[in-house]
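The structure displayed is predicted, hence computed values, not measured ones.
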Amino acid sequence: MADTTKIEWSDAEKWCSKCKSRHDRSEFGKDITRGDGLSASCLASRRVEVRKIQTGSLGRRMWLTPSREGDKRQARRRVNYLVEQGRIPRPDDLPCLDCGDEIFTLRYPHEYDHHLGYSAEHQLSVEAVCRKCHRNREDARRGA
């Protein structure tokens with residue numbers, strides 16, 4: 001007599017950790033980092049996750065979006081992206097434009113200043129200054 005309680009491999013279901021539901025094992029892709037060879041999330045959930053990354057604030061495609069007028073976050077992210085890609089040097093590698101301080105110290109590390117503001121055409125117009133001079137510039141702009 002055949003054992004009817006045994007589940008065939010193709011009929012087995014697996015829990016998706018992303019969408020929190022059960023799916024057939026065929027809906028899970030291979031994952032070489034896990035021991036069983038199957039991913040912890042279904043293919044549909046992983047596609048959604050990839051789309052979020054590609055269009056999110058930290059994704060690569062965010063660089064291709066049009067500049068938004070006065071958006072500080074986008075302007076800072078664009079400059080950080082250029083530094084990460086090696087297209088512009090790190091601010092610590094450049095001397096301060098105001099005081100000429102060339103030595104990076106933990107007390108006054110160098111930063112990029114958006115000296116022309118955060119408008120769309122000036123998002124990448126930055127100057128390397130030390131933190132002390134950057135604070136002085138910000139105070140002067142505010143009129144304090």
Side-chain angles (χ1 to χ4, degrees), residues 5-144:
T5 60
K6 187 175 180 182
I7 298 174
E8 293 294 323
W9 178 261
S10 60
D11 296 335
E13 291 183 340
K14 188 174 175 191
W15 179 259
C16 175
S17 61
K18 297 284 184 189
C19 65
K20 308 291 187 222
S21 62
R22 292 198 159 280
H23 299 285
D24 188 59
R25 284 190 180 265
S26 63
E27 295 182 34
F28 289 83
K30 297 280 184 185
D31 187 4
I32 59 173
T33 60
R34 290 176 46 97
D36 62 357
L38 291 176
S39 174
S41 57
C42 65
L43 292 173
S45 295
R46 291 197 340 228
R47 281 190 209 104
V48 168
E49 198 69 27
V50 166
R51 266 189 233 111
K52 282 182 185 177
I53 291 169
Q54 288 177 341
T55 59
S57 63
L58 298 178
R60 289 184 187 173
R61 292 191 181 177
M62 192 63 178
W63 177 254
L64 301 175
T65 60
S67 299
R68 291 185 296 273
E69 190 67 31
D71 189 352
K72 281 185 182 183
R73 186 175 181 193
Q74 184 185 40
R76 290 174 182 162
R77 182 63 199 132
R78 284 175 180 244
V79 171
N80 289 338
Y81 178 80
L82 291 177
V83 170
E84 289 167 8
Q85 295 299 314
R87 295 182 186 180
I88 61 174
R90 294 178 58 235
D92 290 328
D93 298 339
L94 300 171
C96 177
L97 286 177
D98 291 350
C99 66
D101 178 28
E102 292 188 30
I103 301 170
F104 164 73
T105 61
L106 291 176
R107 186 171 179 191
Y108 298 120
H110 295 182
E111 304 170 338
Y112 277 120
D113 177 32
H114 287 87
H115 60 102
L116 298 176
Y118 297 101
S119 62
E121 64 272 4
H122 297 298
Q123 283 190 351
L124 300 178
S125 301
V126 292
E127 293 178 344
V129 293
C130 67
R131 184 174 287 168
K132 182 179 178 182
C133 294
H134 195 186
R135 190 175 300 121
N136 292 339
R137 284 181 172 201
E138 291 293 324
D139 290 342
R141 284 187 201 122
R142 282 190 217 108

Gln123 CD to Lys72 NZ distance, which is reported to the nearest 0.5 Å: 12.5 Å
Separation of Cys130 SG from Leu97 CG (nearest 0.5 Å): 10.0 Å
Test log, rule side chain to side chain contact (heavy atoms under 4.5 Å, CB included), inputs Arg77 and Arg73: CA-CA 6 Å; Arg77 182 63 199 132; Arg73 186 175 181 193; 5.6 Å; no
Where Cys42 and Cys16 come nearest, the two heavy atoms and their spacing: N-SG, 3.3 Å
Beyond-backbone contact of Val79 with His114, side-chain heavy atoms, under 4.5 angstrom: yes
For Cys19 against Ser45, the heavy-atom pair lying closest together: CB-OG, 3.5 Å
Test salt bridge (charged side-chain N to carboxylate O under 4.0 Å, His left out) applied to Glu127 and Arg137, step by step: CA-CA 11 Å; Glu127 293 178 344; Arg137 284 181 172 201; 2.8 Å; yes
Reported SG-to-NZ distance for the pair Cys96 and Lys132, which is rounded to 0.5 angstrom: 10.0 Å
Nearest-0.5 Å distance that lies between atom NZ in Lys20 and atom CH2 in Trp15: 7.0 Å
For Tyr118 against Ala75, the heavy-atom pair lying closest together: CD2-CB, 3.6 Å
Any donor-acceptor pair under 3.5 Å from Glu111 side chain to His134 backbone: no
Where Val83 and Pro89 come nearest, the two heavy atoms and their spacing: CG2-O, 4.0 Å
Spatial distance of atom CG (Leu94) from atom CD1 (Ile88) [nearest 0.5 Å]: 9.0 Å
Under-4.0 Å salt bridge between Arg135 and Glu138: no
Min side-chain heavy-atom separation His115-Arg141 under 4.5 Å: yes
Heavy-atom side-chain contact between Arg87 and Leu124 under 4.5 Å: no
Heavy-atom side-chain contact between Asp93 and His110 under 4.5 Å: no
